[in-house]
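Below: the structure, in C-alpha cells.
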Amino acid sequence: METTYNPQSIEQKWYQTWENNGYFTPQGESDAGNYCIMIPPPNVTGTLHMGHAFQDTIMDALTRYQRMRGKNTLWQPGTDHAGIATQMVVERQLAAQDKSRHDLGRDAFIDKVWEWKKQSGGTITQQLRRMGGSLDWENERFTMDEGLSDAVHKVFIQLYDEGLIYRGKRLVNWDPILHTALSDLEVISEEESGHLWHFRYPLSDGSGHLVVATTRPETMLGDTAVAVHPDDERYKHLIGKTITLPLVGRQIPIIADDYVDMEFGTGCVKITPAHDFNDYEMGQRHDLPMINILTVDACINDDAPQKYRGLDRYEVRDMVVHDLDELGLLDSIKEHKLMVPRGDRSGSVVEPYLTDQWYVKIAPLAEPAIKAVQDGSIKFVPENWSKTYFEWMNNIQDWCISRQIWWGHRIPAWYDEAGNVYVADNEAEVRKKYQLADDLTLTQDDDVLDTWFSSALWPFSTLGWPENTERLKQFYPTSVLVTGFDIIFFWVARMIMFGLKFMDDVPFKEIYIHGLVRDADGQKMSKSKGNVLDPIDIIDGIDLESLVKKRTTGLMQPKMAPKIEKATRKQYPDGIPAFGTDALRFTFAALATTGRDVVLAPDRIAGYRNFCNKIWNATRYVLMNTEDQDTGIDNQDCKYSLADRWILSRLQQVEDNIQKHFNGYRFDLAAQDLYSFVWEDYCDWYLELSKPVLMKDHFSESEKRGTRKTLVQVLETILRLNHPIMPFITEELWHSVAPLAGIKGDTIMQQPFPVSSDALKDADAEAELQWVKNFIMGIRRIRSESDIAPGKPLPVILQNASEQDKQRYEANESFIFTLAKLESISFLSNDEVAPESSTALVGEMKILIPLAGLIDKDAELTRLSKEIGKLEDNLGKSNAKLGNPGFVDKAPEAVVNKERERIAEMESALEKLKEQLEKISAL
RNA sequence: GGGUGAUUAGCUCAGUUGGUAGAGCGUCGCCCUUACAAGGCGAAUGUCGGGAGUUCAAAUCUCUCAUCACCCACCA
C-alpha cells in the first residue's frame, strides 16, 4: 500500500467493476421492501455542474444506504430533451453557418437535434458515473424515447377528452426572439430603470384633455380606452365621454374601473387590452376591442399608422414620444423603476401577445395535490417548504403548455380546413375516433409541448406506464424526491398533480429540498461571474492556466475576462489539486444542513481529502499489524482490553446515530459523527491504545488476538458505515480488510449496513476509559504548558488515589505509560509529603510531576492561577444558582442534584489547587 | 405589496423536548514519536444581531426593532 491516499488510482476501476457486474440494477424482491429515487433528469446535452454533483451525492448516498439495508433499490437514471434550451444550442450552431432552422425545414432540423443529442448526450451521464452514482444504467430513459412519448400522448388525449386541456386565444408571454409562448414560470422579471411618460389625451369634444402615464408609450397605438376610478371626483363627469387617440385618430371611451389607483400617477390609465395583462382583463370586463399592434418579432404591424409599421417597438417608442411632443401632447417625463419581464432562455423582453395556445385547466388537478401535502401523504423536508408550495398552489393559474418550437413532443391534435380540432394518437386514430371521411384533409398542430409536460410524468413514465409493468408495481410511488427549491413549481407540483391524476397515488412520499451551491465567498456560481467550479476539476484537479482559460472563454460579456482572470489567479495561484470524488462527496454531505445554501470552499474539500487519507493510513496500520496474523476468526480465545471494549461500545452508538441521521436526511450530522468517530475515537485513541497491547511482550496471545480482532472488526464496520458517502475508498480498502474479519463478498456495496448490538454497549468500559483519558490528558497538558519535550519520559506520583483509582491504574498501566510517556509511577499516601510538583486532577486523585529541574516555578504558578481563576468563575455561577430559592424549589430534582455535584467537584478541585499554589509560592 | 428564511468563535456552519455554547477550516506554541507532516500533542477565541416579555432557568418559547438573502406579485 502506498503511504498516501491517491484517489486517481482507485476510482475508475471500481466504477467499471460495479457497472459491469450489474450491481446498480435492482436486485429483486426483498423482505426489506422497495426503495426508489427518480433522478431529476438533467438536460441531455448539458454538463454536470456543482448543483448536480451535490444533488447526486445525496441521492447516491441514500440509494447505497438503502441498498445495504437490503432493500430492492432503484435509482432511475435518465435525461430530459429540454425543448427550448436544446433547440437554441442547435440553432446557434446553425447560425454559425449563417443558416436558420427554417432553411432546413422542420424534419431536417429535428434530425440535426437528434444528431447533436447523439453526439453530446453521453457527457452528463459519464460525469454522473465519475461522481460514483449507482444508477440503473441498463434502464436509462429519455423524455423523448418511445415509451415516454406514448405516455405523453395518452395523458394529453385523456386530459383533452375530459376537458382539462383546452385551446384558447389568450394573452400569453411571447418571446419575440424565440417566437414562442412561455409559461409564467419561464419569465423572469427584474427591476430596471426606465421612464414614466405623461401624455395629454385630448377629449373628443374639444373640452380639454386627460393626462395619462405610461412606461410603454408605443403601446398607445393599440389603446382602446382610458380608465379612471369610478369614485374619482376629478374625472367622474368625464366617464362615458371619449377621447381622440393622438397619432391614431381613433375615438376611444373613458371608462370607470376600480382597478385604477387614484393615488398613482394622474389617476388616468390608458388601456391596451392586447398588450398588457391587466388591460386585457379590463378589456374583457368592459368588452373593449383588442387591437394587436405587434408582429411575432415585436415590430409594429399593419394595424398601426403607416409610418410606424415594420419598425421595432423600441424604435417606435422614441418616435411616439417625439411625435407627441411635437403635437404639444408630452406633459412630462419622469425617472421610473419598473419590473421588466424577460424570457429565461433568450433574455429578450417578453411581450404580452394575443395568440392561440393550449392550456391545462389546473384547478381540478391542484386540489388533490394540495390535499396530499396537507394530509401528510407527501412530506417536505425541511417541512417549511410546504408553505411555499401551498402559497403557489392556492394561487395557481392555468398552464400554457404549447410552444412554437420544433424540438419536443408535437401536440397530437389535427385540424380540418374549417378549423375543427381533433385529438388522438395519430391521424389514423383521429379519423377512426371522430369518424372522419378518408378524403378530409387534416393537418397536425405545429406546436410542441412544454418540456415540463413530459417531465411531470417522469415518476411513472420511466417505469413503463402506460403499460402495467412489474417495475411500475414495485417502485411507484417512489420513496423520495431530491431536488432544489427552484423547481418546486416547474416540476414538483406538476408531478404531484399528474401522479395523483394518472396513478391515483402520490409520485413520492417525501421531498428533500436542498440548498444552492455557492462559491467560497457565498456568491452564486455563474459563468458570467467567472466563479464556476466544475465538479470534475475538483475530482481530477486543474492547473491554473486551464482554469483561467475555462473561465474566460465563451463569456457573454468578453470585457469581464481580465477581471475574472485576475480574481482566479489570486484565489487559486496553484490551480486546484485533485481531491477525488470521495472527498467531494463527503464535503457535500458535511455541508448538507437542512435547507441551507452550501458554501463550497476548496479548503474544506482539502480537509475531507485529508480525512480520506486518515482512513487510508489507519488501514495501513491495521493491515501491518494483522495481516498474516491470527485475527481471531477461527480462534475464539480472545481477551478484550478496556480499549477494545470501549471502542466497540462507542461504535454501537455511532451506528445508531448514523442510521438515525440518514433516516432524517441529516447528512451533515452523519458526516460529523463519522468524522469524529474515525479520527478522534478510532485513530487518535484506539489505534494508539492498541500499540502497547500488540507490541509489549507482557500481553498474552489471547489479549493480542482480541485487540487484532477488534482493530479489524471496527475498521471493517467503519468502511461499511462510510460507504454510502465515500464509495470508492471504502470499496478499495474493504477488499483488504474484510477477509481479515472473516467476511467474504464481491463488493462492499452489497454488504449489510452496520446495525448496533446492545450487548456490545458497555457503559462501564466507557467510564473507565474516560478515566484513562483524563489521566493521560492531564499529563500531556502539564507537559505542553510547562514546555517539557514531548519525548521526555516523566516520573509521576499519585496522591489521594481511591481504591477504584488504584484498580483502574493497575488495569491500564500499559496504556498510561505509553500514551503519557512515563518513566515511573509511585503512589503516595495522604500523610506523606509530596515533593514540589506540577499538578493535574483526575477526580479526587492528584497527579504530581515533580518540578525538579523540569518545570519552571513561575510557569507553574501562572498555570495554577489560571486554572483556579476559571474554577472560581464557574463556582460563583453555580453558587448563585443554588442560592436562588426559586431554582431549588421549582427546577427538577435531577437538575438541582447535578448542580450540587458540580459544586462539590469544583470545591474539591479548587481546594487542592489552592493548596498546591501555596506550596509552590512558598518555595 | 405579499411570503419565506437568516443573524452563534476570524470564516463557513451545527446546536435535537428550555438546564452553565460545539465542529470544520483558520490562528498560536511544541514535535519528522516506528499508520498518516494531507500528521501528532497542547492552547486561545463567543454580552448566541438589538430591546422587551414568559420562566427558578432562554441561543432555544413570545413580541418588537434592525440588517441581509431569497421567492411570489398586475401598480399604469
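Just so it is clear: chains get the letters A, B, ... in the order the sequence lines come, proteins before strands, and each one is counted from 1.
One C1' atom belongs to B:rG18, the other to B:rA59, and the distance between them is 10 Å to the nearest Å. Rounded to a whole angstrom, the distance from the C1' atom of B:rC68 to that of B:rG26 is 25 Å. B:rU67 and B:rG15 have their P atoms separated by 27 Å, given to the nearest Å.
Using a 4.0 Å heavy-atom cutoff across all strands shown, A:K334 reaches no nucleic acid atom at all. Nucleic acid contact for A:E785: sugar-phosphate only, since backbone atoms but no base atoms lie under 4.0 Å from a heavy atom of the residue. Within 4.0 Å of A:Q523, counting heavy atoms only, lies no atom of the nucleic acid at all. Using a 4.0 Å heavy-atom distance criterion, A:M339 is classed as a base contact. Residue A:V260 is classed as a base contact, given a heavy-atom separation below 4.0 Å to a base.
Taking every heavy atom of residues 267-275 of chain A and every atom of RNA chain B, pairs under 4.0 Å involve A:G267, A:V269, by number.
In this structure A:Y389 satisfies the ring-ring contact (aromatic ring centres under 6.0 Å, His included) test together with A:F380, sequence neighbours excluded. For A:Y512, the ring-ring contact (aromatic ring centres under 6.0 Å, His included) criterion is met by A:Y665, A:F667, not counting sequence neighbours. For A:I903, the side chain to side chain contact (heavy atoms under 4.5 Å, CB included) criterion is met by A:L875, A:S878, A:N879, A:L882, A:E907, not counting sequence neighbours.
Under a 4.0 Å N-O distance rule, the pair A:K898/A:E901 does not qualify as a salt bridge. Between A:E860 and A:R863 there is a salt bridge, since a side-chain N of the basic residue sits under 4.0 Å from a carboxylate O of the acidic one. A salt bridge is absent between A:K870 and A:E867: the closest approach of a Lys/Arg side-chain nitrogen to an acidic carboxylate oxygen does not fall below 4.0 angstrom.
Secondary-structure annotation of RNA chain B gives the stems B:1-7 with B:66-72, B:10-13 with B:22-25, B:27-31 with B:39-43, B:49-53 with B:61-65, with a stem taken as at least 3 successive Watson-Crick or G-U pairs whose two distances both fall under 3.5 Å.
Taking 3.5 Å as the limit, the base of B:rC25 and the side chain of A:D603 contain no donor-acceptor pair of atoms between them.
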Quick one: side chains of residues 601-610 of chain A, donor-acceptor pairs under 3.5 Å with protein atoms, not counting sequence neighbours, listed by atom name and distance.
| from | atom 1 | to | atom 2 | distance (Å) |
| --- | --- | --- | --- | --- |
| A:R604 | NH2 | A:Y608 | OH | 3.3 |

Check residues 257-265 of chain A and write down every donor-acceptor pair under 3.5 Å in which the side-chain atom is one partner and the other belongs to a residue at least two apart or another chain.
| from | atom 1 | to | atom 2 | distance (Å) |
| --- | --- | --- | --- | --- |
| A:D257 | OD1 | A:Y259 | N | 2.9 |
| A:D257 | OD1 | A:R285 | NH2 | 3.2 |
| A:D257 | OD2 | A:R285 | NE | 3.1 |
| A:D257 | OD2 | A:R285 | NH2 | 3.3 |
| A:D257 | OD2 | A:H286 | NE2 | 2.7 |
| A:Y259 | OH | A:N278 | ND2 | 3.2 |
| A:D261 | OD1 | A:E263 | N | 2.9 |

Nucleotides 53-55 of chain B: which of its N/O atoms have a protein N/O under 3.5 Å away?
none

When you compare the protein's N or O atoms with those of nucleotides 66-71 of chain B, which come within less than 3.5 Å of each other, and at what distance?
none

Return the polar atom pairs (N/O with N/O) between nucleotides 37-40 of chain B and the protein under 3.5 Å, or none.
| from | atom 1 | to | atom 2 | distance (Å) |
| --- | --- | --- | --- | --- |
| B:rA38 | O4' | A:N610 | OD1 | 3.2 |
| B:rA38 | O2' | A:N613 | ND2 | 2.9 |
| B:rA38 | N1 | A:Y5 | O | 3.3 |
| B:rA38 | N3 | A:R609 | NE | 2.8 |
| B:rG39 | OP1 | A:N610 | ND2 | 3.0 |
| B:rG39 | O3' | A:K614 | NZ | 3.0 |
| B:rG40 | OP1 | A:K614 | NZ | 2.8 |
| B:rG40 | OP1 | A:W679 | NE1 | 2.6 |
| B:rG40 | OP1 | A:D684 | OD1 | 3.4 |

Might you list the N or O atoms of the protein lying below 3.5 Å from N or O atoms in nucleotides 57-60 of chain B, with each pair's distance?
none

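Here the OH-CD1 distance, from A:Y5 to A:I615, works out to 9.0 Å after rounding to the nearest 0.5 Å.
With 3.5 Å as the limit, one finds a donor-acceptor pair spanning the side chains of A:E186 and A:S183.
Aromatic ring pairs are classed by plane angle as parallel below 30°, tilted from 30° to 60° and perpendicular above 60°; the pair A:Y675 and A:F586 is tilted.
Picking from B:rU20, B:rG42, B:rU33 the nucleotide with the shortest atom distance to the side chain of A:N874 gives B:rU20. Nearest nucleotide to the A:M777 side chain, out of B:rA35, B:rG42, B:rG5: B:rG42. The listed nucleotides are B:rC13, B:rA76, B:rG42; the one nearest the side chain of A:V599 is B:rC13.
Pairs of residues two or more places apart, or lying in two chains, that qualify as salt bridge (charged side-chain N to carboxylate O under 4.0 Å, His left out) and include a residue from residues 667-677 of chain A are A:R666-A:D668.
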